[in-house]
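The block underneath contains the structure these notes are about, expressed in structure tokens.
Just so it is clear, the values below take in all heavy atoms, side chains as well, and ignore hydrogens, waters and symmetry mates.
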Amino acid sequence: MKKDSYIQRELWRYGGKIQPLIEKKFDEDYFRYFHAILKENDVRKLIAFTRKELDSYSKKKGLFKVVKKTANFSGSGPHPEPKPKEEKPQKITEEEEIIKEIHSELKKGFIKADKWAEGFEKIAASYKDIYKKATIFLGETLNSYLKKPVSKSIFEKNLKSIKEIFKLTDKECEIITFFYLMEFDSDVETLFKHDLDMNEMVKSISLYCRLFQISPRRLKELMSKDSKIIKAGIISIRNGTDIGISDLISSYLAGYSRLDLMENFIKKSDVSKALKLAEHNVPEEKVKNVVNLIQSTKGTNILIYGKPGTGKTEFANSLGRALGKNIYFIKQADEDGDESLSHRKSGVVAALNMLDREKSIVIVDECDEIVNIRDAFWNCEKEDSKDSKAWINDLLENSKHKIIWISNRVNGIDDSTKRRFSYSIEFSNLGQSQRLKVWENQLQSVGADFLSKNDLEAYSRTYKVNAGGIALAIKDVASMKNLRSKEEKKEVLQSLLMQHQSFIFGDTKLNPLAGKYSLEILNCDISLNVVLDASQKFINYSKQTNFKEIPNMNFLLQGPPGTGKTEFIKYLAQSVGKELLVKRMSDLKSMWVGETEKHIAAAFKEAEESGSILFIDEADSLFINRESAERSFEVSQTNEVLCQMENFKGILACATNFGQNMDSAVMRRFNYKIRFDFLTPEGKEILFKNMLSEKLSDPLSDDDLVRIRRVPNLTPGDFKVVRQKNFFAETMSAKVLIEQLEIESSYKRVNRPMGLGQY
């Protein structure tokens, strides 16, 4: 296959650089390379030239002489006709044998590179003057190639694009070309990579300097981690020596890419339908700070982090819309869908070189692997952490552009990197009011009309799905042409939302509040209406003040399982119009040292920022009494709880079945300690009528009511179990239902802990 004209010229140029080396010393590898890159006619000419020099030498030395024999006459009579003179070759000398072999090898060498090399090896060993003349002839031939102009070259055209995008010098382009050829051209690969081990730079510094005509010091600068081609990810040095070229760059140079080079790196975002800045779950003060930084005259790096789907990317688009800036996202993968860290780095450098810094904001989305140099699982630095840290720190330090870095985690970012960000914002899960805004905006964006305002309010309250999930669900349903009625679309939408919520956030934690919920059935030592009233007054108070006097309202719900603690918290949240953020021990506990404390802090922060009521179930496992604690981490997590409760601004509710196990300092921080006991006789009767009477085959008798009232230690949870057990039965007798309640009661082992009174 005919090579690209620019590549062919480079092959000749490399040959011209190593030609002086073979004048002094023969090298078989080099001669194989020359055989491959010379034109056929010039191979013939060099062979003919060399053989002619050998013939001339042989003639001067009198080699290959013949001995003539004269006729032998004997006897009498007329002389016979003389016989033709016979020529008998003299015995061939050792030198003549060598020259003969050289002639033969050179003749075959036109086709066979090994014979060509063998012939010149013998010449170099025995006829140095001839060998020198041949190598000079070879050099002149290569130089004549280089004097001719290069015809149209795709490689050269693409190389110029790379040079412009990355602001490279001619020498840097020369280096890129060499490593491309060493990777993908068989002639260069055979000689320079395999035979000479030039993929390990340390072993071949002198040859590199000869090829590129630079000093060792300059070579070190061009190939150091601070050089442009290394920082841009065009060339990589693996394990300190092994050198490679970016897959994207090599594909582009070869002409395989279907896209313009910049299109491989960046994508302009359409911000016309982005949310308004005020519609995001970001405090106004933080929004102002970000806006001021982006409008400043110097380069700015802003880090936005938080859980996936919390609106980080949409916030970046909103900034572009609000400030009239073009938003460019660095692509995570090339046109073939292959992702790599070098591709991301190349994209960042290319964008910073080509985009107008006054009109553009560069967004590096999903930058976790770039900024986090520590492994999240093993909590140790990654193998290439030193180079990665140097790269990101240098970029943050010297960039003149406005860059927004978006990451899902920050626990692996080095402190030296953190301090180089101008500003950072953490995005938490959206609250109900924020979700409602997203619903309204996305519905308008898609142009869907199958949801009413009441639907949006219900969905924003019911489905704790973040912005990305909401947008995707609406678009998916809107594209389903087989759904004709509004009810069909709603049904599918609800199914998508439920699945998305379960997949992203796990179980929904709490089932909806029972339809026939009533406070009057509960047996508590404090009026629950008083608690509801205090909660509403606190919410109103918090809207009018800065929380100086009463920063929080904390409730402790204690008592046996099933007595209605969780249901009451759901009722409380619904009554005061607040979302409930539920955290169980499975959400907060971690096997890693220090992670439980981080999860506790994050839960309080999420509740405060979203304005939710924080509900911690199974709290006795978290608030361990420090006096009886056996492990240091138990003390540490209790201390963290105390600290968070002290500084929390909002409503906290904790439920426990074992209040006596909790730390006394924690107990003091609860405004209300509400004890939930087993149902009163009146409560049992009311709950039976509310939950089980619809299954009765006959009306309740007075004896039935007396028997219901006498079942000991019943809770609302027991009635729920019996109801579910008989859900599919058409009718049941009161006797059977009461017996089932008595069985549930018999399973209980009631211990009366000191300090909690009698249930």
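Remark: Lys598 engages Glu595 in a salt bridge, criterion side-chain N to carboxylate O under 4.0 Å. Between Glu366 and Lys312 there is no salt bridge, since no side-chain N of the basic residue sits under 4.0 Å from a carboxylate O of the acidic one. Between Lys748 and Asp718 there is a salt bridge, since at least one side-chain N of the basic residue sits less than 4.0 Å from a carboxylate O of the acidic one. Ion pairing between a basic and an acidic side chain is recognised when a charged N comes within 4.0 Å of a carboxylate O; Asp703 and Arg707 show no such pairing. Comment: Glu426 engages Lys605 in a salt bridge, judged by a side-chain N to carboxylate O separation of less than 4.0 angstrom. Using a 4.0 Å cut-off between charged nitrogen and carboxylate oxygen, Glu440 and Lys453 do not count as a salt-bridge pair. A salt bridge does not link Glu488 with Arg484: none of the charged nitrogens is closer than 4.0 Å to a carboxylate oxygen. For Lys486 and Glu491, the salt-bridge test fails: no basic side-chain N is under 4.0 Å from an acidic carboxylate O.
With no hydrogens or angles considered, a side-chain donor-acceptor pair links Gln740 and Asn726 at under 3.5 Å. Side chain to side chain, Thr656 and Glu618 fail the donor-acceptor criterion of an N or O pair below 3.5 Å.
Using modelled atom types, one side-chain atom of Lys684 and one backbone atom of Val711 make a donor-acceptor pair closer than 3.5 Å. In this structure, the side chain of Asn647 does not engage the main chain of Gln644 through any donor-acceptor pair within 3.5 Å. Side-chain atoms of Ser407 never come within 3.5 Å of backbone atoms of Val410 as a donor-acceptor pair (strictly under, hydrogens ignored). Side chain of Asp617 to main chain of Arg584: no donor-acceptor pair is present (N/O by atom type, distance under 3.5 Å, no hydrogens or angles).
Taken to the nearest 0.5 Å, the OG atom of Ser460 stands 8.5 Å off from the CD atom of Glu579.
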- Task: Run the numbers on Ser745 and Asn713 for side chain to side chain donor-acceptor pair (under 3.5 Å), then give the verdict.
- Result: CA-CA 6 Å; Ser745 173; Asn713 306 324; 4.8 Å; no

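Taking the six-membered ring for Trp and the full ring otherwise, Phe315 and Phe427 have centroids separated by under 6.0 Å.
More than 12 non-hydrogen atoms from other residues, nucleotides or ligands lie less than 6.0 angstrom from NZ of Lys418.
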